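Structure record follows, encoded as structure tokens.
This is a predicted model, so every value here is computed, not measured.
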2 protein chains.
Amino acid sequence: MAEAGRTERQTMKTKETVRAAPALPLNTILDGDCVERMRALPDASIDLIFADPPYNLQLKGELHRPDNSRVDAVDDAWDRFDTFATYDAFTKAWLTEARRLLKPHGAIWVIGSYHNVFRLGAELQNQGFWILNDVVWRKSNPMPNFRGKRLTNAHETLIWASKEEGAKYTFNYEALKALNEGVQMRSDWVIPICTGHERLKDEAGDKAHPTQKPEALLHRVLVGTTKPGDVVLDPFFGTGTTGAVAKMLGRDFIGIEREASYRAHAEKRLARVRRFDSDALEVTTSKRGEPRVAFGVLVERGMLRPGEELWSLNGRHKAKVRADGTLVAQDVKGSIHQVGAHLEGAPSCNGWTYWHFRREGQRVPIDVFRQQIRAEMRAG
Amino acid sequence: MAEAGRTERQTMKTKETVRAAPALPLNTILDGDCVERMRALPDASIDLIFADPPYNLQLKGELHRPDNSRVDAVDDAWDRFDTFATYDAFTKAWLTEARRLLKPHGAIWVIGSYHNVFRLGAELQNQGFWILNDVVWRKSNPMPNFRGKRLTNAHETLIWASKEEGAKYTFNYEALKALNEGVQMRSDWVIPICTGHERLKDEAGDKAHPTQKPEALLHRVLVGTTKPGDVVLDPFFGTGTTGAVAKMLGRDFIGIEREASYRAHAEKRLARVRRFDSDALEVTTSKRGEPRVAFGVLVERGMLRPGEELWSLNGRHKAKVRADGTLVAQDVKGSIHQVGAHLEGAPSCNGWTYWHFRREGQRVPIDVFRQQIRAEMRAG
DNA sequence: GCGAAGATTGAATCAATGA
DNA sequence: TTCATTGATTCAATCTTCG
């Protein structure tokens, strides 16, 4: 259907433009270098580009977990660049082609981590792309920081940009609002990393690709910023998450991937994918339980001050709040639960209902602050 | 005290260096241009920099190149280039001074939105700063997107970086873990925007500063990445959130702010702030700071006897204690760590938590003896 | 610079086990 | 058979410090 429409349009073009505008290789995976392959595609032919370029992680030695198992890191040749200058030149080259390929009302998504995303974002701006949002993919199950030397790296960043300032772009506001329980979709998306059945494995049972993206992420991108029938280009196709989700959602895709083994996995995967019935696009939203609130957050927010005294339920014990959200009593320090249990000689203690602060002569349980924070979290 | 120490050191210096190392203007707000003011401060004198640079530079109408030549009216492309170039030059200038001011084990935090954070991050990397994490401040109560044309912009990005690759830095792992319900602090922080009593207002009741940061954000930054007594510099001080939280937490600060009205608000605010009790500022510490204990000391003290058998964590291996504090198993002898690693075929092993002795049918880790000795050392 | 001590993990999937 | 529990495994990682 879409194929026929395109052919018809082509026949109406003049000789000069026909040469510059060959038929698009829709729903196929092109092999080879992404810049070269993009060069062969016609100007202003693509509605959306989703690009997950190498992150240039710069990992050094081996890393082991506390149980001594080895972390299977990204050590592929395609992720190694000598210098930032080399990486920047690579970024500039593929973004230049990407911009040429975009229709005037097209848009681009790129994804990266702190290793590369600042360079991606700066080059997007340098080339005249107009950033619409940066989006944080908050991983519900990230890999921990095993050595305890930094924060757990629990997110990646996406940048969504139109071709230039003032250009139109597709944004399905209501669809995203529906995906978000009836309130505006925010710039932070909580999505689990790709595991389980969705994660492609090779014959040996190892992961087929070190950085396979979850389909839920692409689902949100494509539902939110493309229309059915749009052409989506992924110049770093990998095992084809973009293509798989595009096919499910009734969008056309073009993939470029130079690693033969990734292409093979992607081909097999795409053959299995079925396009959704249009009424099957409803989303399942998982109800979560009440979010956990750390006592320390009350201190950070100034609801309780470091040094302030808390009183036990029965008024017999008191403890002092510390800056990191632990308590210190006469002969013990620890969490609100630990200190309460110790003072009562009990095996456990719910610190939230046990500890009280004083306001105007009254003892008030600290749990009122937790409820307040939860209300804010729900609002957000 | 610190002041005295500095003076003493100065008197020992030669004439040339005295001029370059004046006493630090601790706990004051300097007025004027941040780059000029930073130039007057001595090398390697600051422990932490927190910077919230402007991104809405009012360039329109008086646009000048870095060399101070005026920019003529030009087409959009030139305008765009010059705008970014000017912003980049500004960023480069203040980051260069910032890096010079940092102690070798110092660190920097910068905060920005998608308008400027990619340029900040790229320039940090270009100058040789080593990014430790990017952190997402996820706002629980962001401003909605009224036009429904984009995603609700619900976060800002912070970048935490050390002075260079391999440099030490302060990271209070256990304190942040305590602040997060006992699990590792992640790179996404949920904190409300600054409203209510905390939000400073002018005489007319309007907000005193357009982008006042919440104290909770600075609380987490300073608890997590500074020590009491550290010197914290904020080159874009605004209404002084950094200074206020630093003072509460027993850190020294230096602020730079060119707007007189912001300085006035900050001065009033700082006068109101009370420092927390010093025992409230103590923070849960890591085992890494504890003194080392030789395993042989346990044998010397008779806690374990030569010839006594120890069992591995999983109960599969055993080894015998020798009088010199080494272990001997079937085919290997050496330290508690070496023997454990060998038996498990692991690259390394923490013998303190791996090896257990038997008491009344129970397996108890030898680490309990180490803790006992450490307690004695603290008491003695 | 090198060798050794010793500090360090959260959420989720899936298979095996037991009730 | 079903369900709860336990253990093994895995995830884009710029992941130590002291003598």
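- Contacts of B:R370 with the nucleic acid, taken as non-hydrogen atoms under 4.0 Å apart, involve only primed sugar atoms and P, OP1 or OP2.
- Note: CG (B:L327) to P (C:dG6) measures 12 Å, nearest angstrom.
- Residue A:V117 is out of contact with every strand shown, counting any heavy-atom pair closer than 4.0 Å.
- Looking at B:L95 and B:N126, their side chains never come closer than 4.5 Å, going by heavy atoms from C-beta outward.
- Under the 90° criterion around 0 for the glycosidic angle, D:dT9 counts as anti.
- Backbone-only engagement by B:E174 is indicated by non-hydrogen atom pairs under 4.0 Å involving sugar-phosphate atoms exclusively.
- D:dC18 and C:dA7 have their C1' atoms separated by 13 Å, with the value rounded to a whole Å.
- Between B:Q184 atom CD and C:dG10 atom C1' the separation is 7 Å, expressed in whole Å.
- D:dA12 and C:dC14 have their P atoms separated by 16 Å, with the value rounded to a whole Å.
- Put simply, the side chain of A:I256 does not reach to within 4.5 Å of the side chain of A:F237, judged on heavy atoms.
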side-chain hydrogen bond (donor to acceptor under 3.5 Å, both in side chains) between A:S113 and A:H115, intermediate numbers included: CA-CA 5 Å; A:S113 66; A:H115 310 84; 2.6 Å; yes

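- Atoms CD1 (A:I191) and C1' (C:dA11) sit 16 Å apart, rounded to a whole Å.
- Taken residue by residue, residues 329-340 of chain B places no heavy atom nearer than 4.0 Å to DNA chain D.
- When side chains are defined from C-beta on, A:K60 counts as touching B:E165, because their heavy atoms get closer than 4.5 Å.
- Look at NE2 on A:H155: it is 18 Å from P on C:dA11, rounded to the nearest Å.
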Could you list all N or O pairs between the protein and nucleotides 12-15 of chain C that sit under 3.5 Å apart?
{"from": "C:dC14", "atom 1": "OP1", "to": "A:H197", "atom 2": "N", "distance (Å)": "3.3"}
{"from": "C:dC14", "atom 1": "OP1", "to": "A:H197", "atom 2": "NE2", "distance (Å)": "3.4"}

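- Within residues 344-357 of chain B, no residue approaches DNA chain D, by heavy-atom distance under 4.0 Å.
- Partners of A:D88 by side chain to side chain donor-acceptor pair (under 3.5 Å), not counting sequence neighbours, listed by chain and number: A:R119.
- One can place CE of B:M185 at 12 Å from P of C:dG10, the figure rounded to the nearest angstrom.
- On the P atoms, D:dT14 is 27 Å away from C:dG6, given to the nearest whole Å.
- Judged as a side chain to side chain donor-acceptor pair (under 3.5 Å), and not counting sequence neighbours, A:T239 has no contacts.
- Separation of the B:W160 and B:Y169 ring centroids falls under the 6.0 Å cut-off.
- Every pair passing side-chain hydrogen bond (donor to acceptor under 3.5 Å, both in side chains) that includes a residue from residues 199-215 of chain A is listed here, sequence neighbours excluded: A:D52-A:K213, A:H209-A:T211, A:E215-A:R269.
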Determine all donor-acceptor pairs shorter than 3.5 Å in which one atom belongs to a side chain in residues 152-159 of chain A; sequence neighbours excluded.
{"from": "A:T152", "atom 1": "OG1", "to": "B:Q184", "atom 2": "OE1", "distance (Å)": "2.7"}
{"from": "A:H155", "atom 1": "ND1", "to": "B:S187", "atom 2": "OG", "distance (Å)": "2.8"}
{"from": "A:H155", "atom 1": "NE2", "to": "B:D134", "atom 2": "OD1", "distance (Å)": "3.3"}
{"from": "A:H155", "atom 1": "NE2", "to": "B:D134", "atom 2": "OD2", "distance (Å)": "3.0"}
{"from": "A:E156", "atom 1": "OE1", "to": "A:Y55", "atom 2": "OH", "distance (Å)": "2.5"}
{"from": "A:E156", "atom 1": "OE2", "to": "A:K139", "atom 2": "NZ", "distance (Å)": "2.8"}

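- The ring of A:F236 has its center closer than 6.0 angstrom to the ring center of A:W94.
- Cation-pi geometry between B:R370 and B:W352 is satisfied (NZ or CZ under 6.0 Å from the ring centre, within 45° of the ring normal).
- Residues meeting the salt bridge (Lys or Arg N to Asp or Glu O under 4.0 Å) test with B:K318, sequence neighbours left out: B:E309.
- For the pair B:W137 and B:R220, the minimum side-chain heavy-atom distance is 4.5 Å or more.
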Salt bridge (charged side-chain N to carboxylate O under 4.0 Å, His left out) assessment of A:E257 paired with A:R263: CA-CA 6 Å; A:E257 176 53 53; A:R263 284 200 307 274; over 6 Å; no

Reading nucleotides 12-19 of chain D from 5' to 3' and marking B where a protein heavy atom lies under 4.0 Å of the base, S where only the sugar-phosphate is that close, and - otherwise, the string is BBBBSSS-

Counting Watson-Crick and G-U wobble pairs with both distances under 3.5 Å, what is the dot-bracket string for DNA chain D, 5' to 3', using [ ] for crossing pairs and | for pairs to another strand? .||||||||||....||||

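- Side-chain contact, B:K333 with B:T326: no donor N or O sits under 3.5 Å from an acceptor N or O.
- Rounded to whole Å, the C1' atom of C:dT9 lies 12 Å from the corresponding atom of D:dC11.
- For the pair A:R138 and A:V190, the minimum side-chain heavy-atom distance is below 4.5 Å.
- Note that A:R258 lies outside the cation-pi zone of A:W78, set by a 6.0 Å cut-off to the ring centre and a 45° limit from the axis.
- With a 6.0 Å radius and a threshold of 12 heavy atoms from other residues, nucleotides or ligands, B:K227 has its NZ atom at or below the threshold.
- Pairs of residues two or more places apart, or lying in two chains, that qualify as side-chain hydrogen bond (donor to acceptor under 3.5 Å, both in side chains) and include a residue from residues 65-76 of chain A are A:E62-A:R70, A:R65-A:S69, A:D67-A:S69.
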Protein and nucleotides 3-6 of chain D: nitrogen or oxygen contacts under 3.5 angstrom:
none

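- Nucleotides D:dT17 and C:dG1 place their C1' atoms 14 Å apart, quoted to the nearest Å.
- For the pair B:R316 CZ and D:dG7 C1', the interatomic distance rounds to 12 Å; values are reported in whole Å.
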